[in-house]
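Note: hydrogens, waters and symmetry copies are ignored here, and every other heavy atom, side chains too, is used. All values reported here derive from a predicted model rather than from experimental measurement.
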Amino acid sequence: MGKQPASPESVAVLIENSKRGIYDSEKLLEKIEDTKTIFESISTIEGTALEFLQIVFELLSGSLSGMYEGFNGLQNMLQTDSIYAKRYHMQMINLCQYEWCKYFLGRDGNGVLVRLINFLKDCNDDVTNTYLQDLRLLIKTLGGNCDKDLRNMTAHYDKPSQMYQKMLTLNSEDEYAIRLGMQMEIHDKVLKLTNTIFTTIFSNIPSANTTEHKTRIQTDIEIQTFINSQIAEAFDKKTDLKTIISDQILEAWTEVESMKKLFSQCDVGISFLQQQRLDTTSIKYLQSLVEIRWIITFMRSDLICSMDSYLKASSIIERSICLHRIYRFEIAALTQLYGYNDDKKSESIWHKLKGISEFVTNPMSNEVEKQLEELTTHIDCTRRNLYTHYREERQLNISERWQAFEKMSHVKELKQLLKLILLCNRIDKCLISLLASLQELQNRKTKNILDIISKIRNLGIKYENQSVIDTSDKLVSYLGFKDKNNND
């Protein structure tokens, strides 16, 4: 990671400000969502007036939701010493801000702010029109600073080698702190705009008696909240669990680097065999095994980061926000690993291993495949999209997301997290078993490769060609072999 220029005191202030921002945003967002429900039940409001109010409320609640998740990402990024976790939270901030800007503007012209601007297009107030256009420009600028490719990788995963290269670029905490500052500036302008509108019209809105409706819904939520609170308290007492998770997060990037090294060694070996017109099938299978372990490493690390954020969260809603990412990671990783339909399965890493007889006949791999088939058969795209997008076309997801976070069963999500981590461990064991089966075959091929390299090196010695000697030695080093024929 790049050096962070801010002093420890400044970082501590940023963390405290983020915590305060999370608390304030949640309290206000709760009130806004309740108010939206009330207005929807008031039949005396005319259609146009109600539509205008809904747009204003959606603008405010969407702004609050984005700030809530942005503050959560900043706080967690600054609090961790783990390289992987910092990069994880940068991804969360980038995804949040990308979806936030799309919620406001969007390329399709259906953004909430665009709708408000269109609603007020006949307004002759130059001050208001200028204010709206300035706000639009700020959002467009922030959206331009978001990394779309990174957003797509975070939402969908990618080939492990491409994920690794993309994550290597995430080195500046300062950049993301500055982007949060830009987001806060936009949010402040949204607050000022909506406060002005509400001050103007609020006195003309009649009251409505929706107590019975709210109580019925609130009772269900309170029961779930009580259960979630008890679970959080139980986990909070498990200091050993926190230590284990902290240790695993600190080692996460080292594990990713280890898989990168093995994958690159396979690349070198494949390249050499191709140059010599030798069979590359076995080493390609070996690389596919490494690739699966690599994607599993990313998945496990992301799940652990989600759990770590959950343990550090201070409210039920914040914990729900940390846990909702689990399903998104599950779908993204399993799609790359196994696929969920015929086309995706044929492109998956798992499919590459079908040509290995040891893989096909291994009872462990068959058992794992049954679990993967079960998990991918029941993929819920609606849920996945809700957890990813603030809006889809004209469908605004802010209220539905809030309700999902309120009603979320943390027990269910934590059980799924445990199930996925156990699956990762089971796949690891399966791959280790397969690697042992392939190792003997590879050893025989290794001897053949070394014999070829040794002959080339001996020719270099015979004709006193130091370049050939050095190239042979370097290739042996790259491949991680010990050439017994090299006695120099």
*Can you label the angle between the Phe405 ring and the Tyr387 ring as parallel, tilted or perpendicular, going by 30° and 60°?*
parallel
*Should the ring pair Phe298 and Tyr84 be called parallel, tilted or perpendicular, given that the plane angle runs from 0 to 90° and is split at 30 and 60?*
tilted
*Would you check, one step at a time, whether the test side-chain contact (heavy atoms from CB on, under 4.5 Å) holds for Asp302 with Arg325?*
CA-CA 9 Å; Asp302 286 342; Arg325 296 165 182 159; over 6 Å; no
*Does NZ or CZ of Arg383 lie under 6.0 Å from the centre of the six-membered ring of Tyr327, at an angle within 45° of the ring axis?*
yes
Please indicate whether [X] has more than 12 foreign heavy atoms, meaning atoms of other residues, nucleotides or ligands, lying under 6.0 Å from its [atom1].
X      : atom1 : answer
Met184 : CE    : no
Tyr23  : OH    : no
Asn341 : CG    : yes
Gln466 : CD    : yes

Return the [atom1] to [atom2] distance between [X] and [Y], rounded to the nearest 0.5 Å.
X      : Y      : atom1 : atom2 : value
Lys102 : Gln97  : NZ    : CD    : 14.5 Å
Ile326 : Ile331 : CD1   : CD1   : 12.5 Å
Cys101 : Ile186 : SG    : CD1   : 5.5 Å
Leu74  : Leu14  : CG    : CG    : 6.0 Å
Thr376 : Glu369 : OG1   : CD    : 9.5 Å
Ile379 : Thr335 : CD1   : OG1   : 5.0 Å

Minimum heavy-atom distance between [X] and [Y], given as atom pair plus value:
X      : Y      : value
Ala313 : Cys322 : CB-SG, 4.5 Å
Asp473 : Arg457 : OD1-NE, 2.7 Å
Cys424 : Met299 : SG-SD, 4.0 Å
Met92  : Thr154 : CE-CG2, 3.5 Å
Ser320 : His410 : OG-NE2, 2.8 Å
Ala85  : Thr80  : CB-OG1, 3.6 Å

Lys/Arg N to Asp/Glu carboxylate O, [X] vs [Y], below 4.0 Å:
X      : Y      : result
Lys370 : Glu367 : no
Lys166 : Asp158 : no
Asp380 : Arg384 : no
Glu318 : Lys312 : no
Arg319 : Glu26  : no
Asp147 : Arg151 : no
Arg401 : Glu69  : yes
Glu373 : Lys345 : yes

Residue pair [X] / [Y], side-chain donor-acceptor N/O under 3.5 Å:
X      : Y      : result
Asn94  : Arg179 : yes
Asn397 : Glu392 : yes
Asp279 : Thr281 : yes
Gln224 : Glu406 : no
Ser433 : Asn362 : yes
Ser18  : Gln75  : no
Ser306 : Tyr88  : yes
His187 : Ser63  : yes

Minimum side-chain heavy-atom gap [X]-[Y] below 4.5 Å:
X      : Y      : answer
Val368 : Trp350 : yes
Trp402 : Ser65  : no
Glu173 : Val11  : no
Leu386 : Thr382 : no
Leu150 : Leu170 : yes
Leu420 : Arg300 : no
Lys260 : Gln165 : yes
His324 : Glu413 : no

Does the [X] side chain pair with the main chain of [Y], one donor and one acceptor, at a distance under 3.5 Å?
X      : Y      : result
Asn458 : Ser454 : yes
Thr243 : Thr239 : yes
Ser348 : Gln336 : no
Ser258 : Thr254 : no
Ser246 : Lys242 : no
Gln183 : Gly66  : yes
Asn72  : Tyr68  : no

*Which is it for Leu417 and Ile304 under the side-chain contact (heavy atoms from CB on, under 4.5 Å) test, yes or no, and what are the steps along the way?*
CA-CA 9 Å; Leu417 182 145; Ile304 292 172; over 6 Å; no
*Decide yes or no on side-chain hydrogen bond (donor to acceptor under 3.5 Å, both in side chains) for Tyr103 and Asn110, but give the supporting numbers first.*
CA-CA 8 Å; Tyr103 178 82; Asn110 287 327; over 6 Å; no
_Test log, rule side-chain contact (heavy atoms from CB on, under 4.5 Å), inputs Ile296 and Asn425_ = CA-CA 9 Å; Ile296 288 299; Asn425 294 340; over 6 Å; no
*salt bridge (charged side-chain N to carboxylate O under 4.0 Å, His left out) between Lys189 and Asp134, intermediate numbers included*: CA-CA 9 Å; Lys189 290 183 78 67; Asp134 288 346; 5.4 Å; no
*Of all pairs that satisfy side chain to side chain donor-acceptor pair (under 3.5 Å), the ones with a partner from residues 286-298, not counting sequence neighbours*: Asp267-Gln287, Glu291-Lys352, Arg293-Asp428
*Would you check, one step at a time, whether the test side-chain contact (heavy atoms from CB on, under 4.5 Å) holds for Asp342 with Ser346?*
CA-CA 6 Å; Asp342 291 341; Ser346 66; over 6 Å; no
